[in-house]
Amino acid sequence: MNENKIELYAAYGKVMNCDGGGSCGTCIVEIIDGKELLNERTSTENRYLKKKPDSWRLACQTIVGNKENSGKVVVQRLPQWKR
């Protein structure tokens with residue numbers, strides 16, 4: 001998302017993010033479609049998101065696609081704001 005200039009962080013997250021370490025939770029996204037194209041949740045995600053829906057991921061820990069699979073992934077950024 002960062003490479004494609006998609007705004008990932010809210011104001012707080014821009015200042016307080018952990019630069020991909022998976023420790024701050026400011027990059028939480030919700031996968032709307034295409035979950036099958038993603039890696040499994042990492043142990044870091046499981047620890048941080050244990051009480052969150054399975055569709056929520058840490059963008060910094062999520063890998064999209066591989067050599068065998070391609071397709072479209074639909075992502076909602078900042079899902080915690082809509083709940």
Side-chain angles (χ1 to χ4, degrees):
M1 291 176 70
N2 285 333
E3 290 174 7
N4 290 303
K5 308 289 189 250
I6 297 170
E7 187 60 51
L8 181 59
Y9 302 105
Y12 174 78
K14 289 179 184 177
V15 177
M16 302 302 292
N17 77 72
C18 65
D19 291 323
S23 60
C24 69
T26 59
C27 68
I28 294 175
V29 295
E30 182 174 8
I31 307 303
I32 305 299
D33 191 30
K35 181 179 177 180
E36 67 279 359
L37 299 172
L38 307 178
N39 63 313
E40 295 293 321
R41 269 189 180 180
T42 64
S43 59
T44 300
E45 288 180 284
N46 285 332
R47 194 169 49 255
Y48 194 87
L49 301 171
K50 65 183 170 190
K51 295 182 181 179
K52 303 296 184 191
D54 290 341
S55 60
W56 287 26
R57 299 292 304 266
L58 295 179
C60 71
Q61 300 290 302
T62 305
I63 299 170
V64 179
N66 58 42
K67 293 180 182 179
E68 293 83 37
N69 296 317
S70 63
K72 183 168 92 173
V73 176
V74 179
V75 177
Q76 167 72 46
R77 63 182 199 100
L78 306 174
Q80 63 272 25
W81 288 15
K82 68 178 201 176
R83 293 206 188 326

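The model shown is predicted, which means the values in this text are computed figures rather than measured ones. Sequence positions, counted from 1, serve as the residue numbers for this chain.
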Rounding to 0.5 Å, atoms NZ (K35) and OG1 (T62) come to a distance of 11.0 Å
Report the distance from atom CD1 of I63 to atom CD of E40, rounding to the nearest 0.5 Å.
11.5 Å
Which atoms form the tightest heavy-atom contact between C27 and C60, and what is the distance?
SG-N, 3.4 Å
Checking the side chain of D33 only, and the main-chain atoms of V74 only, is there a donor and an acceptor separated by less than 3.5 Å?
no
Are V75 and I31 packed together at the side-chain level, in the sense that at least one heavy-atom pair is separated by less than 4.5 angstrom?
yes
Side-chain donor/acceptor of Y48 to backbone N/O of R57, under 3.5 Å:
no
Rounded to the nearest 0.5 Å, the CH2 atom of W56 sits from the NZ atom of K51 at a distance of 13.5 Å
Quick one: pull up CG in L58 and CD in E45 and give me the separation to the nearest 0.5 Å.
5.0 Å
Assess whether atom CD of E36 is packed by more than 12 heavy atoms of other residues, nucleotides or ligands within 6.0 Å.
yes
Between CD on residue Q61 and CG on residue L49, distance to nearest 0.5 Å:
9.5 Å
